[in-house]
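Reckoned from all heavy atoms, side chains included, excluding hydrogens, waters and symmetry mates. Please read these numbers as outputs of a predicted model, since none were measured by experiment.
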Amino acid sequence: MVPEAWRSGLVSTGRVVGVLLLLGALNKASTIIHYEILEEREKGFTVGNVVADLGLDLGSLSARRLRVVSGASRRFFEVNWETGEMFVNDRLDREELCGTLPSCTVTLELVVESPLELFSAEVVIQDINDNNPSFPTREMKLEISEAMAPGTRFPLESAHDPDVGSNSLQTYELSHNEYFALRVQTREDSTKYAELVLERALDREREPSLQLVLTALDGGTPPRSTSLPIRITVLDANDNAPAFNQSLYRARVLEDAPPGTRIAQVHATDLDEGLNGEILYSFGSHNRAGVRELFALDLVTGVLTIKGRLDFEDTKLHEIYIQAKDKGANPEGAHCKVLVEVVDVNDNAPEITVTSVYSPVPEDAPLGTVIALLSVTDLDTGENGLVTCEVPPGLPFSLTSSLKNYFTLKTSAVLDRETAPEYNLSITARDAGSPSLSALSTVRVQVSDINDNPPQSSQSSYDVYVEENNLPGVPILNLSVWDPDAPQNARLSFFLLEHGAETGLVGHYFTINRDSGVLSSLVPLDYEDRREFELTAHVSDGGTPVLTTNISVNVFVTDRNDNAPQVLYPRPGQSSVEMLSRGTAAGHVVSRVVGWDADAGHNAWLSYSLLGAPNQSLFAVELHTGQVSTARPVQDTDSPRQTLTVLITDNGEPSLSTTATLTVSVTEESPEARAEFPSGSAPREQNKNLTFYLLLSLILVSVGFVVTVLGVIIFKVYKWKQSRDLYRAPVSSLYRTPGPSLHADAVRGGLMPPHLYHQVYLTTDSRRSDPLLKKPGAASPLASRQNTLRSCDPVFYRQVLGAESAPPGQQAPPNTDWRFSQAQRPGTSGSQNGDETGTWPNNQFDTEMLQAMILASASEAADGSSTLGGGAGTMGLSARYGPQFTLQHVPDYRQNVYIPGSNATLTNAPGKRDGKAPAGGNGNKKKSGKKEKK
């Protein structure tokens with residue numbers, strides 16, 4: 001019987017049963033708390049305080065999102081986050097939940113997050129007496145022969161009470177009568193049924209029918225009952241009843257046996273003959289509801305077969321009552337019982353329930369991060385209900401089991417959103433039956449991005465070629481940069497950084513679009529001003545922390561033919577008259593027109609042609625050198641003054657040109673005579689005080705000679721010692737640590753634009769190598785133009801201008817390289833009777849012109865190569881105009897350099913370059929003798 005405290009609902013249902021005290025030592029992952037509650041409790045009824053029972057913090061309950069998870073489709077219980085109490089959320093009907101099971105337990109899972117924890121709870125639903133017993137029929141009819149002997153038993157309809165325990169059906173009562181007594185029997189499953197026992201023989205003639213009332217009572221307080229009217233018809237005597245050969249039959253059948261499968265066959269015999277001995281089989285009245293839907297009985301043979309679908313998970317054992325009656329006028333029945341045991345087969349696939357998913361997961365989540373909690377159920381038993389779960393191999397996830405039929409999905413490897421931003425995990429649950437059944441569930445796990453990738457580019461540096469005079473604002477380069485991170489972290493920003501010590505390039509010349517990375521120029525570029533820019537593009541993403549990448553951008557300005565040739569000689573704006581005597585033979589070099597083009601490559605390749613002359617047949621201009629010579633002998637009929645216009649044209653597209661004007665004076669006397677006596681009265685004026693000047697000159701020459709001889713001896717000794725130390729050094733030292741650099745600024749004496757200023761660097765070992773020329777640099781200050789060569793080291797000066805040369809202001813022996821043939825001299829110096837020995841320029845203007853011509857040759861080499869020569873036989877032009885361009889295409893200007901304003905033509909002596917002493921000149925000794933005498 002249920003205690004009074006339970007029936008009145010006064011029991012403290014929120015307390016944990018005593019058995020939990022034995023489980024208190026277990027860890028939280030395996031803690032199971034138990035509660036008991038009566039069924040049919042109102043909604044909101046408190047079951048117990050799970051926070052106190054589990055030892056959780058009530059203050060963090062809301063943040064940890066405590067919730068109740070069960071396998072049922074209805075949510076019977078919920079937890080109040082403010083009080084921590086679990087309360088009834090839906091109607092609890094024990095009969096609906098558990099049927100006739102003696103114990104009704106609802107298993108719950110309590111899940112809390114941050115961190116994720118799982119607890120189990122069991123709520124025992126106790127029965128209350130809320131159901132009346134019921135009979136399957138409203139009235140029962142019996143036909144009993146009057147021949148029945150006292151003691152005969154007649155089974156009655158069994159009542160059914162959904163309640164269990166003491167509230168279930170307990171007994172039967174029969175209305176008062178004089179013929180029958182009631183006997184209450186108990187089945188093997190503890191259920192009870194009633195039998196009507198005949199205590200006194202019937203007399204159909206006295207009482208042909210009887211009306212009895214069968215009452216079924218349960219054990220509740222107060223007890224509930226129901227009544228079944230029994231109508232008994234007394235039949236005439238059939239004195240032999242059928243009898244079964246055994247009262248109990250047993251059979252086993254698989255739950256997946258198809259309909260029609262034979263289970264058992266019952267057999268009864270009747271000693272009567274005829275119709276009274278023919279037996280019919282039927283289901284007895286004691287059978288449970290649903291037996292007739294599951295089984296079929298042959299009325300004649302007594303064969304029991306399967307009619308419906310058996311389910312081991314629903315009912316494991318079936319009790320079937322079969323009765324046998326003959327066909328007599330007053331048939332008597334016999335009864336037997338068939339126990340059918342249902343054998344389990346693996347016919348239920350596992351079921352996967354995902355109770356909690358943590359998504360998205362940061363890609364830097366540590367190993368072992370819990371992603372999801374899974375519960376797996378299988379209605380089968382034994383090995384058929386043993387379930388394992390697995391995830392596809394090769395994925396960074398694993399499954400571990402914390403409780404029975406519960407699995408935790410965790411990370412097992414490092415996640416990378418750029419490789420796999422999302423996973424659709426196919427989780428397979430498989431039981432151990434044969435054949436094995438499986439279930440598949442998909443869990444979607446998204447990976448959230450962190451900023452772990454810097455901006456990336458297809459190349460670390462870019463070389464951009466931009467033609468000069470470009471339009472400002474037109475894009476010249478689009479940087480190909482991307483970031484594999486998510487859109488927020490992959491939002492790129494572009495900046496330009498100053499490179500090295502140079503500043504102002506970014507703001508003055510170039511700009512870059514902050515968002516698209518498009519590089520454009522702010523001003524038109526000028527090849528003659530600057531040919532190369534070194535920039536650094538700084539790319540940063542939008543993540544935290546910010547990741548950056550630097551990309552080198554080299555902008556090369558290509559030349560276009562935008563500069564017309566310039567005339568070096570004759571200098572524009574200054575009168576220059578070349579002397580030519582009549583009778584000069586054809587081929588005599590009159591002068592040379594020297595041009596220069598600020599462009600590079602083929603755009604600076606100059607050609608010369610005679611544009612205009614009073615007599616076109618008298619003069620000819622060499623196409624590549626600009627050398628002006630006589631095309632025929634000078635005749636007496638030729639005009640005494642010839643004005644020549646030479647056209648200088650470059651090789652660009654379109655070509656640009658300029659003109660140079662050269663004046664040639666045709667005289668009757670030799671150039672040497674005019675040079676020695678400029679006017680007719682000169683001899684008399686020069687003879688004045690001749691004796692005084694001769695004496696003074698003799699004294700000065702004697703003193704100077706003595707000083708010069710001593711200086712030359714000292715210098716030669718110093719040079720010999722220095723050369724011995726220099727050549728004693730091993731050759732391999734040239735490729736070790738270089739000696740101190742000698743720096744010289746060379747400026748073209750004011751004749752060239754400032755941007756053609758060059759810097760020459762030589763080491764102390766430069767005698768064994770060519771000088772190295774840097775790219776064009778900034779213009780040298782004006783004050784340093786005349787002082788640079790004078791202040792440099794004498795050794796360096798000789799390396800640049802010749803081994804025997806000396807800086808200005810220092811007297812040195814004449815350089816035998818500076819000698820010219822009679823045919824190479826311009827002007828009047830080209831006469832056949834002149835002195836072939838050239839003289840060093842003796843005034844500032846000549847020095848400036850010489851410097852300009854030397855640096856013009858150096859400029860050609862610097863434009864294409866770091867060495868002065870640029871290769872044998874190329875004069876530095878192959879590096880400037882291409883490897884196919886050699887001295888075979890353009891004459892070597894250095895072979896014959898004309899110095900404007902002087903009577904000397906510089907010759908690049910091959911003997912000196914080869915280390916051989918040059919041959920002595922074959923000049924006119926007569927003229928030298930005249931000058932000594934003078």
(request) Scan side-chain atoms only and decide if Asp161 and Asn167 contain a donor-acceptor pair under the 3.5 Å cut-off. (result) no
(message) Just verifying a value: how many Å separate Thr46 OG1 and Ile37 CD1, rounded to the nearest 0.5 Å?
(response) 9.0 Å
(request) Would you please name every residue forming a side-chain hydrogen bond (donor to acceptor under 3.5 Å, both in side chains) with Glu351, sequence neighbours left out? (result) none
(message) My understanding is that only residues two or more places apart in sequence, or in another chain, count here; which of them pass side-chain contact (heavy atoms from CB on, under 4.5 Å) with Gln246?
(response) Tyr249
(message) When you compare the side chains of Thr428 and Glu390, does any donor N or O come within less than 3.5 Å of an acceptor on the partner?
(response) no
(message) Test side-chain contact (heavy atoms from CB on, under 4.5 Å) on Tyr193 and Leu169; report intermediate values, then the result.
(response) CA-CA 9 Å; Tyr193 64 95; Leu169 180 65; over 6 Å; no
(message) If the condition is salt bridge (Lys or Arg N to Asp or Glu O under 4.0 Å), which residues does Glu278 pass it with, not counting sequence neighbours?
(response) Lys327
(message) I'd like to know if Glu139 and Arg231 make a salt bridge, using a cut-off of under 4.0 Å between side-chain N and carboxylate O.
(response) no
(request) Flag the pair Arg309 and Asp347 as a salt bridge only when some basic side-chain nitrogen lies within less than 4.0 angstrom of an acidic carboxylate oxygen. (result) yes
(request) Would you check if the side chain of Ser359 reaches a backbone N or O of Gln446 as a donor-acceptor pair within less than 3.5 Å? (result) yes
(message) Is a donor from one side chain sitting under 3.5 angstrom from an acceptor on the other, for Ser158 and Arg187?
(response) yes
(request) Sorted by first residue and then second, give each ring pair (Phe, Tyr, Trp, His ring centres under 6.0 Å) pair with at least one member in residues 151-171; sequence neighbours left out. (result) none
(message) Checking the side chain of Glu255 only, and the main-chain atoms of Val345 only, is there a donor and an acceptor separated by less than 3.5 Å?
(response) yes
(request) Side-chain contact test, heavy atoms from C-beta onward, threshold under 4.5 Å: evaluate it for Tyr358 versus Thr369 and give yes or no. (result) yes
(message) Does this structure show an ion pair linking Arg224 with Asp218, if we count only N-O contacts that are shorter than 4.0 Å?
(response) no
(request) Just say parallel, tilted or perpendicular for the rings of Phe397 and Tyr423, cut-offs at 30° and 60°. (result) perpendicular
(message) Taking ring pair (Phe, Tyr, Trp, His ring centres under 6.0 Å) as the cut-off, I'd like each qualifying pair that reaches into residues 304-336, sequence neighbours left out, listed once.
(response) His286-Tyr321, Phe295-His318
(message) I'd like to know if the side chain of Thr226 pairs up with that of Asn132 as donor and acceptor (distance under 3.5 Å, no hydrogens or angles considered).
(response) no
(request) Decide yes or no on side-chain contact (heavy atoms from CB on, under 4.5 Å) for Thr400 and Phe407, but give the supporting numbers first. (result) CA-CA 5 Å; Thr400 58; Phe407 295 87; over 6 Å; no
(request) Just do the side-chain hydrogen bond (donor to acceptor under 3.5 Å, both in side chains) check on Asp163 and Asn131 with the steps written out, would you? (result) CA-CA 6 Å; Asp163 297 327; Asn131 292 283; 2.9 Å; yes
(message) Once rounded to the nearest 0.5 Å, what's the spacing between atom NZ of Lys316 and atom CG of Asp344?
(response) 8.5 Å
(message) Between Val340 and Leu317, does the side-chain contact (heavy atoms from CB on, under 4.5 Å) criterion hold? Intermediate values first, please.
(response) CA-CA 6 Å; Val340 180; Leu317 182 66; 5.9 Å; no
(message) Which residue is it: Val68, Leu108, Leu66? I am looking for the one with a side chain to side chain contact (heavy atoms under 4.5 Å, CB included) to Val50.
(response) Leu66
(request) Using a strict cut-off of less than 4.0 Å between a Lys/Arg side-chain nitrogen and an Asp/Glu carboxylate oxygen, indicate whether Glu422 and Arg444 qualify as a salt bridge. (result) yes
(request) Please answer whether the main-chain N or O of Ile128 pairs with a side-chain N or O of Glu39 as donor and acceptor at a distance below 3.5 Å. (result) yes
(request) Could you tell me the separation between the CD1 atom of Ile144 and the CG atom of Leu196, rounded to the nearest 0.5 Å? (result) 6.0 Å
(request) Identify, with sequence neighbours excluded, every residue that meets disulfide (SG to SG under 2.5 Å) alongside Cys98. (result) Cys104
(message) Among residues at least two apart in sequence or on other chains, which ones pass salt bridge (Lys or Arg N to Asp or Glu O under 4.0 Å) with Glu113?
(response) Arg65, Arg67
(message) Quick test of your reading of the model: are Glu341 and Arg250 salt-bridged, counting only N-O distances below 4.0 Å?
(response) no
(message) With a 4.5 Å cut-off on side-chain heavy atoms, are Val445 and Leu425 touching?
(response) yes
(message) I want to check something: taking the side chain as every heavy atom from C-beta on, are Arg94 and Gln126 in contact at a cut-off of under 4.5 Å?
(response) no
(request) Using a 4.5 Å cut-off on heavy atoms from C-beta on, say whether the side chain of Asp93 contacts that of Arg91. (result) yes
(message) Please enumerate all residues that pass salt bridge (Lys or Arg N to Asp or Glu O under 4.0 Å) together with Glu383, with sequence neighbours excluded.
(response) none
(request) Might you confirm whether atom NZ of Lys325 has over 12 heavy atoms from other residues, nucleotides or ligands at distances under 6.0 Å? (result) no
(request) Using atom types as modelled and distance alone, determine if a side-chain donor or acceptor of Asn346 lies under 3.5 Å from a backbone N or O of Pro435. (result) yes
(request) Measure the CG-CZ distance between Leu228 and Arg138 for me, rounded to the nearest 0.5 Å. (result) 12.0 Å
(message) Going by salt bridge (Lys or Arg N to Asp or Glu O under 4.0 Å), name the residues that satisfy it together with Asp256, two or more places apart in sequence or in a different chain.
(response) none
(message) What I'd like to find out is whether the side chain of Arg288 reaches to under 4.5 Å of the side chain of Thr191, using heavy atoms alone.
(response) yes
(request) With the side chain counted from C-beta on, respond yes when Phe76 and Leu92 share a heavy-atom pair under 4.5 Å apart, and no when they do not. (result) yes
(message) Ala181: which residues meet the side-chain contact (heavy atoms from CB on, under 4.5 Å) condition with it, sequence neighbours left out?
(response) Arg183, Glu199
(request) State the CD1-CD1 distance between Ile306 and Ile263, to the nearest 0.5 angstrom. (result) 4.5 Å
(message) Is the shortest side-chain heavy-atom distance between Asp53 and Tyr35 below 4.5 Å?
(response) yes
(message) Check whether Asn287 reaches the backbone of Gly284 with its side chain - one donor and one acceptor, N or O, closer than 3.5 Å.
(response) yes
(message) Assess, by modelled atom type and distance only, whether the side chains of Tyr406 and Glu109 contain a donor and an acceptor separated by less than 3.5 Å.
(response) yes
(request) Determine, stepwise, if the pair Leu304 / Val338 fulfils side-chain contact (heavy atoms from CB on, under 4.5 Å). (result) CA-CA 9 Å; Leu304 184 64; Val338 180; 4.0 Å; yes
(message) Let's go through Glu157 and Ser285 carefully: what are the C-alpha distance in whole Å and the side-chain angles of both, what is the deciding distance for side-chain hydrogen bond (donor to acceptor under 3.5 Å, both in side chains) to 0.1 Å, and is it a yes or a no?
(response) CA-CA 6 Å; Glu157 291 283 353; Ser285 58; 4.5 Å; no
(message) Among residues at least two apart in sequence or on other chains, which ones pass side-chain hydrogen bond (donor to acceptor under 3.5 Å, both in side chains) with Ser438?
(response) none
(request) Ignoring hydrogens and angles, tell me if any N or O in the side chain of Ser436 forms a donor-acceptor pair with the backbone of Asp431 under 3.5 Å. (result) yes
(request) Compare all side-chain heavy atoms of Thr152 with those of Val197 and state whether any distance is below 4.5 angstrom. (result) no
(message) For Cys336, give me all partners under disulfide (SG to SG under 2.5 Å), at least two apart in sequence or on another chain.
(response) none
(message) For Asn348 and Asp378, which I'm curious about, is there any donor-acceptor pair between the side chains at under 3.5 Å?
(response) no
(message) Using 0.5 Å steps for rounding, measure from the CG atom of Leu174 to the CG atom of Leu156.
(response) 7.5 Å
